Structures are given as C-alpha cells and as structure tokens.
Amino acid sequence: MLNRRKFLKAAISTLAFTAIPQLSFSQSNPDVVVIGGGSSGLSAAAELMKKGKSVVCVEAMSRKGGRCFTDTSIFGVPYDLGGHWLHNFNFNQIAKYGKKQKDTFDIYKDPDKVLIYDGPKKITGMKVYSMYKKLGKLKRGSKNDVPLVEKVKPKWLENEWFATAHQLRFACSSGKDISDYTAADSFYNWESYGEGDQGGDGFVKQGYGALLAHYRQNVPVQLKTIVSEVKWDNKGVKVITNKGTISAKACVITISTSAFNSGKIKFTPALPLEKYEAYDSVPCGTYNHITLQLKDDFYNEFKIKPDVYFTSKINSKGLETPRGYCSTMRLHNSNISYFDVGGQFAKDLEKAGSKAGIDFVLQDLRNIFGSNFDKFFIKGHMTSWGKNPYTLGSWASATPGKAKLRKNIKTSVGNRLFFAGEATAKNYGTVHGADRSGLRVAKEVLKLI
Ligand SMILES: Cc1cc2nc3c(=O)[nH]c(=O)nc-3n(C[C@H](O)[C@H](O)[C@H](O)COP(=O)(O)OP(=O)(O)OC[C@H]3O[C@@H](n4cnc5c(N)ncnc54)[C@H](O)[C@@H]3O)c2cc1C
C-alpha cells in the first residue's frame, strides 16, 4: 500500500508525464510557425527556409501531404487519396520538377480518351458532349456571382444527358451541384484545370502525393501536432498544440476553409470579422474517390485502355443531385479504377458509409458489363474527405453571391498572421495552386520579419 508521502510523490511524477505537455519541437523559438503540412504549408516552409528563416511546420495528421497523399497499402499499387491530376500540365511547376527526376517518376500527358455507355450500350457520346459544351459556355466570371443554375435553359432539364453533363461539369469539378455553385467561381475553375492552351492534365504513375513528398523532401514536419489556439499581438505569436507551445515572430495558416470554419483553432484575440466572413463564404465542397481493384481479365475482355475516362449515363431527373460518377479506368496501367462522386450525392454517400459507395458503383457496373461482373471484383475503397476532421471537405468553392469575399482570406492580420492554402490561389482547388500560394505567403512574411 502507498503511504501518503509516496502517494504524493507518485502523483507528482505522473503529472510530470501527463498534465504538462512535453515540448518536442526541433526548434522551440523559430522565426515562423507554419500550420499545415499540405502542399501550401510545405511550399511556404521551403521558401522561408531557403531564405534563411527558421521554421517549424506542424501537421495534425500522421503524414505529410494533406489532401495530396499517395497510399500504397490499400491496393499494393500507388493510389492517390486526394489530388491525382497534374492540372495546367504545360505550366505545372510540380510536374516540371517530376519530369527532371526521370529515374524516379514517370510523368505523362493524359491520353484524353473517353468511353461512354448508355446502360449496357457503348455509344459515341456526341449527345453528352453537346450538353457538356452548352453548360461550359454559360456566362461566367466575377461579375456573375449568381447560382449557375439561373443560366440553365428550362428545356435543357428535359435533355436525357443533362444529369451526366451536370455531374461532369459541376458536381465533379467543384464538389458542388449546379444549384449551389456560383458562375463567378466557375470561370476560374476552368482556368485552374488548364483547359485550352494550358496543356490540360497530366499523370504521374507513382502518384501525385509521392511526387509532392519528393518535391518537398527537405521540409521537416512535426506530425501528429494539433494546433488548438493561436495567440498573437504586435510582438509575435504563441501557437498552442497538443505537444506544447511554440513562440515565433509570425504564423502561416494553411488549413482548409472548412477546417478553419469548424473553429477548432481559436485565435486570441479574435481575428477581424471580415476574416471569418471570408472563410465562411468559401466552404469546401464534397468530392470523393470510390476506387475498385479489378482483375486484369476485366480490362482485357472489355478492351479498356489505361487512363481512359469512362462515363455511364446518369438517370437523375432535372436538377436533382446527379447520382452517378465520373471514372478514370485502369489508372497508370494498374488494376485500379476511380469512380469519383461529387456534390450532394457524394455527401449522401459519405454519410451512408463506404460500403454503400462501393455497392452503388458495383450495381452500375453490373448493369453495364453483366450480372456476373462481381467475378472481376477484388477490392474497393472510398475516401471520406468530409469526415476527416482536419479537412472537412475536398476543396473550397464559393457560396453564390459571396465569391468576392474569397480575396479576403489571404490578407494578413497584424503583420503576424499570414494565410495561404488552395482557397487563396489563383488556380484554386489544385495542388500546384496551393504550392504557389505557399510561395506567395512566404514572400509576404519575408517583407516583415
Ligand atoms: C478527392 C480529391 C481529389 C482531388 N483531385 C485533385 C486533382 O486531381 N488535382 C489537383 O491539382 N487537386 C486536386 N484536389 C485538390 C488538392 O488536393 C488540394 O487543393 C490541395 O492538396 C490542398 O493543399 P493545401 O495545402 O491548401 O491544404 P491541405 O492539403 O489540406 O493542407 C492543410 C493541412 O493542415 C492540416 N491541419 C488542419 N487543421 C490542423 C490543426 N488544427 N493543426 C495542425 N494541422 C492542421 C491538415 O491536416 C492538412 O494536412 C483534390 C482534392 C481531393 C480531396
């Protein structure tokens, strides 16, 4: 039995290990703390370090990369859980880096081949393309901050291919349905993806996340370090985490807009109201991969070439959320295929769980390729970015009528707090855009410290 003195001693020593957080930062008083080890945080940290500043980059998850991460454990082949298209391929700086690492990365332009099915019938796709083109020509731009749906002609809603085009153009490009999507955002969205002379999209066989990790391999990140509060004044910042407090001259915040809106990071004193309004105006949409690993026999029997874009007609009515997917099959000549879902339908599936998502795709594939399709099925996986507490969505998309507030996300506060992340980039919603936002914010910080 413990006597009173021994008990007190034991209690005090337990306290030392539990109640008082252990400081485990490689640098306890850096010049800058960067919150978030995704594309933008890694880029900000890299640039600041290059210019001789000491930096601590903290990341809540147990890995680097944020919304751009390649997993190899689920299917035994590279599988990007987040970003995988190298948008703006001709100008994408991360793709350029990868092309120089010829021994490590295979980088190539997507073959841009499509395969379209109307039920079990393979078709040319002219009808869906015509609807897709009409939706793409809707008047867009910053002066058109209205729900894009207001520009849709009523007779289009009767078109048998409207739901499919709706899914491709909106739910699967913004993570939002057309009724929830502003025409102002849509303009830049297409620029982000590099339609036209920007080179379209490219792929990296080893995974975009693996490429990003290699690109930023020299940036140390303190993992499993969750920020709960940022205290700031005109002298500096104190960043409170589950592993202790870091004092610095400045702090760069790169978390997703929805993670910011969740209020899990408290700012003391509170930020100006405009900052909260700006983040709140551009929440994240929902977009997930439902990924199936299929036997090679399937790809061979149905003559499915690598990286082909596969579309199956969606039969939702009018403005209902399009209950369907856009697919990229036989990724990088491996045996996995993405069936991506977006918008309200993706949200509904997230709520229902990954089995519901996988079953939905399997049922559609049975309708197309025959009732014995399951003989080709090896394994499935669905991402749930909206359920990840540190992202709470896929990427930022403005609420109609509020797109102009997006620009206020990136304005600094008190010369101490600086903001980056995909939502602040010209090419928003992308990995390379997020990377550029990190560079931009580092330049701002360097002017002041
Ligand atoms: C399914 C999906 C598919 C996509 N497809 C593409 C694509 O094909 N091509 C493309 O270019 N882009 C794509 N994107 C978008 C792209 O992945 C993102 O725009 C980009 O990766 C965002 O980078 P970021 O640095 O702004 O944010 P993040 O990567 O989210 O980084 C922010 C980091 O902050 C961390 N964090 C949050 N809260 C805290 C806290 N309290 N304390 C400490 N750390 C915290 C998070 O864990 C996260 O790692 C896709 C995204 C998704 C989800």
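Just so it is clear, the model here is predicted, and its values are computed rather than measured.
Aromatic ring pairs are classed by plane angle as parallel below 30°, tilted from 30° to 60° and perpendicular above 60°; the pair His214 and Tyr97 is tilted. In this structure, Tyr309 and Trp85 have tilted ring planes: the angle between them lies in the 30° to 60° band. Tyr325 and Phe360 have perpendicular rings, their planes meeting at more than 60° on a 0 to 90° scale where under 30° would count as parallel.
Note that OG of Ser437 and CD1 of Ile409 are 11.0 Å apart. Values are rounded to the nearest 0.5 Å. Rounding to the nearest 0.5 angstrom, the gap separating the OG atom in Ser39 from the CZ atom in Arg436 is 10.5 Å. From Leu135, atom CG reaches atom NZ of Lys137 across 11.5 Å, with rounding to the nearest 0.5 Å. In this structure, NZ on Lys53 lies 5.5 Å from CG on Asp31, to the nearest 0.5 angstrom.
Residues Asn335 and Lys295 fail the side-chain proximity criterion, which asks for heavy atoms closer than 4.5 Å. Contact of the Ile368 side chain with the Pro120 side chain is not registered, since no non-hydrogen atoms from C-beta on lie closer than 4.5 Å. Counting heavy atoms from C-beta outward, Ile314 and Trp161 have side chains that stay 4.5 Å or more apart.
Just one of Ile123, Leu115, Leu168 meets the side chain to side chain contact (heavy atoms under 4.5 Å, CB included) condition when paired with Thr311; it is Leu168. Each of Tyr299, Tyr117, Tyr338 was evaluated against Phe310; a single residue qualifies, Tyr117, per the ring pair (Phe, Tyr, Trp, His ring centres under 6.0 Å) test. Paired with Tyr79 under the rule side chain to side chain donor-acceptor pair (under 3.5 Å), one option of Thr70, Asp71, Thr291 passes, and it is Thr291.
Side-chain rings of His381 and His289 stay apart, their centers remaining 6.0 Å or farther from each other. Between Tyr287 and Trp395, the distance separating the two ring centers is shorter than 6.0 angstrom. The ring of Phe203 has its center no closer than 6.0 angstrom to the ring center of Tyr208. Between Phe302 and Phe298, the distance from one ring center to the other falls under 6.0 angstrom.
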Test log, rule salt bridge (charged side-chain N to carboxylate O under 4.0 Å, His left out), inputs Lys404 and Asp145: CA-CA 8 Å; Lys404 65 175 183 304; Asp145 193 5; 5.6 Å; no
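No side-chain donor-acceptor contact under 3.5 Å links Ser337 to the backbone of Met329.
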